[in-house]
Amino acid sequence: MKLSNSVVAAVSRELEVHYSNSELQDLLAEARLVAAHRLSSDAPDTRRGQVLLKDINDWALDPVAVLGKILAPYMDPEVPNPHTEVGMLWLNGRDRIIGELEACGLDYVSGGALLKNNRPKRIEVSQLYFMVWYEDSLRLNLYPEPLIFVGRNLDSDDRRSHDVWCFQDLDSYSEFGVYNSLSKLPERSPAGFLTCLQYDDLFQVVDYTGLAKRLLNSAERRSQYESLSPFSRDLLYYRIHYHDSAQLLLSIQSLKFVDFMQPPASTEAVFRFREIRSLHESSYEYEAEGGASFDLKDGQLVEVHRRDAASVIDCRGLAAELERCAARQTGTQTT
């Protein structure tokens with residue numbers, strides 16, 4: 001199986017930012033690979049990774065297996081100081097590579113394996129996707145924002161020099177229908193907005209299965225912070241709501257656990273959460289900056305009675321629900 005040019009370019013961009021010229025050559029040596037080109041010391045910085053990898057389909061007997069070995073030292077280690085600029089660049093680079101691989105039908109697995117997946121390779125109009133944000137630098141708290149893809153380059157008079165992919169928030173889509181132009185957003189709809197992304201930022205948008213995978217990754221990272229009680233302080237949990245009878249249009253309410261209140265015996269105990277919302281919820285158009293992780297804010301305080309605690313689920317619970325959505329979507333498309 002050959003690698004797509006977009007995958008090679010994405011990996012090249014991230015590795016040439018992360019590694020020096022000599023480190024890239026050492027990386028190949030450690031993977032027992034022989035590069036088709038020797039890098040000159042005066043090679044332009046912006047070409048380091050591309051020179052190293054651009055011909056991988058020609059000289060590697062199994063380009064997919066070779067790329068997996070090259071990626072392992074970059075993808076697998078725990079990122080030191082993830083809250084720093086260097087740490088965030090590393091984490092965002094990983095996400096970009098994962099997104100590009102998924103778009104081309106591949107999943108990266110720890111240890112350096114690239115496996116085929118069966119997810120759609122392109123974004124479909126009127127389908128539900130999720131913008132992935134992280135509420136904290138350690139990426140314990142994943143905030144998923146449900147969005148409907150409504151088309152590319154919606155305004156005919158738009159003079160952008162690049163294509164943009166436009167996504168509408170699920171709530172306004174369910175209430176008003178599709179916005180087929182940026183100029184036709186309701187004047188008095190504070191919940192309505194479009195998220196407009198360039199191609200290089202689409203790694204932040206995932207489908208049901210892609211979001212489930214990221215949630216499971218967050219679950220692994222946050223396991224050391226979880227307590228034995230139903231909810232752990234300062235971690236995010238979720239409540240879900242379907243907008244349709246087919247149970248495909250899934251809204252997700254993100255809740256950060258605050259505390260547990262045990263009122264007098266005559267009153268039922270409650271768990272208290274702080275709702276997390278995106279900062280651009282009241283804007284008519286939002287252009288996401290690639291890799292942004294902190295554009296979230298605290299919302300209202302939410303109280304959940306003990307008898308309703310099961311309606312609030314953790315990362316693994318939401319991932320399981322998303323897998324069921326993916327199965328229902330596949331069944332709908334094949335009937």
Side-chain angles (χ1 to χ4, degrees), residues 1-15 18-19 24 27-28 30-33 49 52-79 90-124 127-130 132 134 139 142 144 199-200 202-223 315-331 333-334:
M1 177 181 175
K2 299 293 186 181
L3 294 166
S4 71
N5 292 334
S6 60
V7 166
V8 174
V11 172
S12 298
R13 284 196 303 270
E14 301 308 328
L15 294 190
H18 188 73
Y19 294 112
L24 283 172
L27 183 61
L28 286 178
E30 291 173 5
R32 297 181 180 178
L33 307 173
L52 191 67
L53 294 171
K54 69 175 182 178
D55 295 329
I56 190 172
N57 284 321
D58 297 329
W59 56 262
L61 294 177
D62 188 345
V64 173
V66 169
L67 184 63
K69 291 181 179 296
I70 293 173
L71 285 175
Y74 179 76
M75 301 293 287
D76 291 349
E78 182 177 352
V79 176
W90 192 347
L91 290 170
N92 289 332
R94 284 179 174 178
D95 278 353
R96 289 189 182 91
I97 289 174
I98 288 173
E100 196 63 56
L101 289 171
E102 289 179 344
C104 295
L106 293 170
D107 281 332
Y108 177 80
V109 179
S110 181
L114 294 177
L115 304 179
K116 292 183 180 180
N117 65 44
N118 296 314
R119 290 192 289 284
K121 296 184 179 180
R122 60 176 182 169
I123 297 176
E124 301 284 351
Q127 295 295 316
L128 179 65
Y129 298 92
F130 302 91
V132 174
Y134 290 93
R139 301 197 167 199
L142 187 156
Y199 179 81
D200 286 345
L202 287 177
F203 74 93
Q204 292 178 277
V205 177
V206 297
D207 59 9
Y208 297 117
T209 307
L211 180 56
K213 178 180 177 181
R214 282 162 172 72
L215 284 162
L216 291 176
N217 288 339
S218 288
E220 294 259 341
R221 289 193 292 268
R222 60 193 260 170
S223 59
C315 290
R316 296 185 189 278
L318 181 54
E321 186 64 31
L322 289 162
E323 292 290 3
R324 289 189 283 270
C325 288
R328 287 193 289 268
Q329 184 181 57
T330 300
Q333 292 172 343
T334 56

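Small disclaimer: the values here were computed from a predicted structure and weren't measured.
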When rounded to the nearest 0.5 Å, the distance separating CG of D62 from NZ of K2 is 9.5 Å

Any non-hydrogen side-chain atom of I97 less than 4.5 Å from a side-chain atom of Y108? no

Minimum heavy-atom distance C315-S218, with the two atoms named: SG-CB, 4.2 Å

Flag the pair K213 / D107 as yes when at least one side-chain heavy-atom distance between them is below 4.5 Å, and no otherwise. yes

What are the two closest non-hydrogen atoms of V205 and Y129, and how far apart are they? CG1-CB, 3.5 Å

Show your working on salt bridge (Lys or Arg N to Asp or Glu O under 4.0 Å) between E323 and R316 and close with a plain yes or no. CA-CA 11 Å; E323 292 290 3; R316 296 185 189 278; over 6 Å; no

Shortest non-hydrogen separation from T209 to A326 and the atoms involved: OG1-CB, 3.7 Å

Value for CD (E100) from CZ (R13), rounded to nearest 0.5 Å, stands at 7.0 Å

Any donor-acceptor N/O pair, Y208 side chain to A327 backbone, under 3.5 Å: no

How far does CG of L142 sit from OH of Y134, to the nearest 0.5 angstrom? 4.5 Å

Under 3.5 Å, side chain of R94 to main-chain N/O of Y74, donor-acceptor pair present? yes

Nearest non-hydrogen partners of P144 and L318, listed with the distance: CG-CD2, 4.4 Å

Would you call the rings of W90 and H18 parallel, tilted or perpendicular, where under 30° means parallel and over 60° means perpendicular? tilted

One should read off an interatomic distance between L211 CG and E321 CD, to the nearest 0.5 angstrom, of 12.0 Å

Could you measure the distance from the CG atom of L91 to the CG atom of D95? Nearest 0.5 Å is fine. 7.5 Å

Can you find a heavy atom in the side chain of L106 that is under 4.5 Å from one in the side chain of L3? yes

Rounded distance [0.5 Å steps], CD1 in I98 versus CE in M75: 4.0 Å

Side chains of L67 and V7 in contact at under 4.5 Å (non-hydrogen atoms): yes

Looking at every non-hydrogen atom in both residues, tell me the closest pair between L114 and G68 and how far apart they are. CD1-N, 3.9 Å

